[in-house]
Amino acid sequence: MAIPVQSMTGISNARLNVEMNTTSFQKKSRSKLLSIPGTRPSFQNGQLLVSTGTTSLDYVIGGGLAVGTLLLIEEDVFDSYSHMLLKYFLAEGIVCSHSFLIASAGEHPDDILQGLPAPVLDDVPKDEIGKINQRRENDVSEESQDSMKIAWRYQNQPKVQTVLAASSRFGHYYDASKQMSAETFESAEYYPFYLPAEVHLKYSVSSNIHIGYIKLLRFIQGVIHKEGFDRACPQSKTRNILRIGIHSLGSVLWGDDICCKDDPLYAYSLTKFLYGLRGLLRTSLSVCMVTVPSHLIQNKAIMGRVTNLCDTVIGIKSFNGSEKDANDLYKDYHGLVCVKKIPYLNSLICELPDTRDLAFKLKRKQFTIERLHLPPDLSDTVSRLNKQDLAESSKLLRMGCGAAATGKKHLDF
Amino acid sequence: MFAELNGILNWSLDKFEKGQCVLLSESKTDGSFLIHHFLSFFLKAQCKVCFLGLVQSFSHYSTVGINMLQAREKGQLVFFEGLRNSLDMLLPESDASDAEPQPLSFLRWPSTDLRNLFDFVNSSLSQSENDMSRWASPVLLIDDLSVLLSLGVNPTAVLDFIHYCRMAVCSKQQGNMVTLVHNEDDLGDEDCDLVLHALTHQSSLILQVHGLNTGYCRDVHGQVLIKHCLDHDATLTHSLTHPLINKYTISHISYYLKFRNLIG
């Protein structure tokens, strides 16, 4: 399932480096078989991870999303924040130059693409990187003429790389107020799936899965096989990650009736689709993020089954329009995040977060998930002094001091 | 894998009760560590094992427990990977109805019974004389049965399947059977409850894994209750309950894994 991180292959390289370095002590380096931009191996189980596009979410689910797994986001009531997370996930794919697939039944995939947030790149633009590199080369040539007189043992050490290319970093921040420029996503490989364009109203009862799901599964299978995201492909080819984003799966627009009835006709449609999708993901270099309107699903047993069939499950509840919005306790946050499931991958234990109930807030440049903590002042009666009070009390204090020292007079210097 | 658990069950590699149906149930936490335990236990005990892995991939099971590749090559283990095989059933290439029956044929309309899956289990566990001399009693492991319910199989079909398997494996060949089922009381999943209650009634050894009642905790995962029906023949069956704090076993596992990382 996982791409193994081989620790043995690094040995021969390490041996060669011994002569170059001053000591024979070597940090055990793990050179991995696959090096794809925007990925890193997990510290816990050696899985290849990709970022969800939200750095704090990566941290919560154990460093990132393992390649070959399925992340399910339970939508908030207005699908605003879960949609945001999906956009971050896709935008991260563009920045890391991964291929990506957007499937939707409501909003057109092209529109989703247009609305992706712009990445905040604090890196130096490319031509400047070129200049810096040139300057550095000049420095090196100068340095090589006058070799080090003290600290000579560091001469052979490689120069510290200060400028990182954008794609090599794991996880980025995005500016929610700006849209990604067209030239950024034009170069990316992109596969849209728009349900109304694929399925006509003609109904077929060849199987008890809904026809929209069958089409989508076939589409994903086709992309994976044709474009070489299959694990079975020869290793020599340059590999890339396929990010799959599916918006509002299980909603009425997909033709599913689990949101309408307590006892739906196609109760097993969604679960079968997810099972097939997971089988597809496990044998390919792809990750998938699915958002599901769980608050609309009438039968809670179905949601339980869906949860069991996914790898990672995150629930989102926003305070928008709910009573909690008015509550003082939650005024710093926009909603709650609940980690419902974390996958067990190639190990007996999963990543264990400190707590599973967290809170999130959406800032302009950052979607942060934090531990929910109580603000120090809960009500007006517990006197947390605001500025005015503070000014008055300090006046009082001064008066008190003055009284102690020189009667009723202020102290003037 | 966990020596403590074997001690409590009074099982050892050369002496364990045969013909038993073991039920593992999990609620609010993950019980798959027991599946890994029994898998490596029976493989070490030189049993012929048929494993229906419906939740995870082969590499997962193989990485966690003992190396299953070897066992599979020797013919000791028959592994069925549900995730990999499901796609051919969900997306049939053509209307090839004359093709040979597939274990997961229930995914395809209109057949919804598990007859083909049982045929698969039966054929992989029926032993030729050569096998008889090499391997001990057959064992069937299922991880997990609730997936079948999620995929639209009727609960009665699941119970029929289990009944057939018990007849073929436990009664006829004096083998063992281990199944994992979710226990979701609070969700009101009637199908799941039905299967769980029926299996609880039939099984002779039940291991229930519960999450903590007080909620999630980082250090302690939950508890394991072991219910043992001591005597089948006696009219009165005793039930023993061993409350176990899971943490000890889990910490044991983490050390075990660390050790594996060091040598691997």
Side-chain angles (χ1 to χ4, degrees), chain A residues 1-2 4 6-8 44-46 68 205-209 213-215 217-218 221-222 266-283 299-309 311 338-339 341-350 352-357, chain B residues 1 30 32-33 36-37 54-65 81-92 95 107-110 112 144 146-147 149-153 182 184 186-193 215-219 221 249-251 253-254 256-257 260-261 264:
Chain A
M1 173 214 311
Q6 297 262 319
S7 51
M8 300 303 284
Q44 201 190 13
N45 46 22
V205 201
S206 63
S207 156
N208 49 354
I209 309 191
Y213 293 152
I214 294 260
K215 288 264 185 191
L217 212 50
R218 269 195 199 286
Q221 191 189 31
Y266 298 98
Y268 304 106
S269 225
L270 183 60
T271 46
K272 279 186 182 182
F273 168 76
L274 286 175
Y275 195 70
L277 178 64
R278 220 164 67 129
L280 206 52
L281 292 175
R282 286 288 149 99
T283 52
N299 193 341
K300 286 292 158 237
I302 292 178
M303 204 50 220
R305 288 176 188 157
V306 166
T307 305
N308 285 336
L309 286 177
D311 291 307
C338 181
V339 181
K341 194 179 173 192
I342 287 185
Y344 290 69
L345 296 168
N346 289 355
S347 66
L348 266 175
I349 43 172
C350 62
L352 296 160
D354 288 333
T355 169
R356 293 197 157 188
D357 295 303
Chain B
M1 197 181 264
D30 194 273
S32 59
F33 68 97
H36 293 298
H37 169 77
L54 302 172
V55 190
Q56 295 273 21
S57 60
F58 179 78
S59 62
H60 169 82
Y61 294 110
S62 187
T63 324
V64 175
E81 197 172 336
L83 280 175
R84 191 167 285 218
N85 291 301
S86 65
L87 219 63
D88 301 334
M89 282 295 116
L90 289 170
L91 304 174
D95 289 327
L107 284 173
R108 200 181 288 174
W109 190 262
T112 51
D144 73 59
S146 310
V147 169
L149 294 171
S150 301
L151 294 177
V153 182
H182 282 285
E184 281 164 32
D186 44 344
L187 287 174
D189 194 337
E190 288 168 14
D191 295 353
C192 206
D193 286 351
Y216 172 79
C217 169
R218 192 190 152 97
D219 294 328
H221 291 236
T249 47
I250 294 289
S251 67
I253 299 162
S254 62
Y256 172 76
L257 280 180
R260 259 185 76 94
N261 281 346

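Just so we're clear, the structure is a prediction, and the values are computed from it rather than from any experiment. We name chains A, B, ... by the order of the sequence lines, and we start the count at 1 in each one.
- Contact count against chain B (heavy-atom pairs under 4.5 Å) is highest for A/Gly276 among A/Ala267, A/Ser269, A/Gly276.
- Ranked by heavy-atom pairs shorter than 4.5 Å toward chain A, the options B/Arg84, B/Glu81, B/His182 are led by B/His182.
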Checklist line | From CA spacing to verdict: side chain to side chain contact (heavy atoms under 4.5 Å, CB included), A/Thr307, B/Glu184 | finding: CA-CA 12 Å; A/Thr307 305; B/Glu184 281 164 32; over 6 Å; no

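- Nearest heavy atoms, A/Ala301 versus B/Gly188: CB-O, 4.1 Å.
- Scored by the ring pair (Phe, Tyr, Trp, His ring centres under 6.0 Å) test, A/Tyr275 finds no partners at all (sequence neighbours excluded).
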The test is salt bridge (charged side-chain N to carboxylate O under 4.0 Å, His left out); show your working for B/Asp191 and A/Arg305 and say whether it passes. CA-CA 11 Å; B/Asp191 295 353; A/Arg305 288 176 188 157; 3.6 Å; yes

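- Atom CZ of A/Arg356 has more than 12 neighbouring heavy atoms from other residues, nucleotides or ligands inside a 6.0 Å radius.
- Only the backbone of A/Thr355 comes within less than 4.5 Å of a heavy atom of chain B; no side-chain atom from C-beta onward does.
- B/Leu90 has its side chain out of reach of A/Ile214: every pair of non-hydrogen atoms, C-beta onward, lies at least 4.5 Å apart.
- For B/Val55, the parts sitting under 4.5 Å from any heavy atom of chain A are the backbone and the side chain alike.
- Atom OG of B/Ser86 sits about 11.0 Å away from atom CG of A/Leu274, to the nearest 0.5 Å.
- Only the side chain of A/Leu309 comes within less than 4.5 Å of a heavy atom of chain B; its backbone N, CA, C and O stay farther away.
- In terms of modelled atom types and a separation under 3.5 Å, the side chain of B/Gln56 and the main chain of A/Tyr344 share a donor-acceptor contact.
- Contacts of B/Leu149 with chain A are made by backbone atoms alone, with heavy-atom separations under 4.5 Å and no side-chain atom involved.
- Taking all atoms of both residues into account, the shortest heavy-atom contact from B/Leu83 to A/Arg282 is CD1-CG, 4.0 Å.
- For A/Thr271 (side chain) and B/Leu151 (main-chain N/O), no donor-acceptor pair under 3.5 Å exists by modelled atom type.
- Among residues two or more places apart in sequence or in another chain, the side-chain contact (heavy atoms from CB on, under 4.5 Å) test is passed with A/Gln221 by A/His225, A/Leu280, B/Leu87, B/Leu91.
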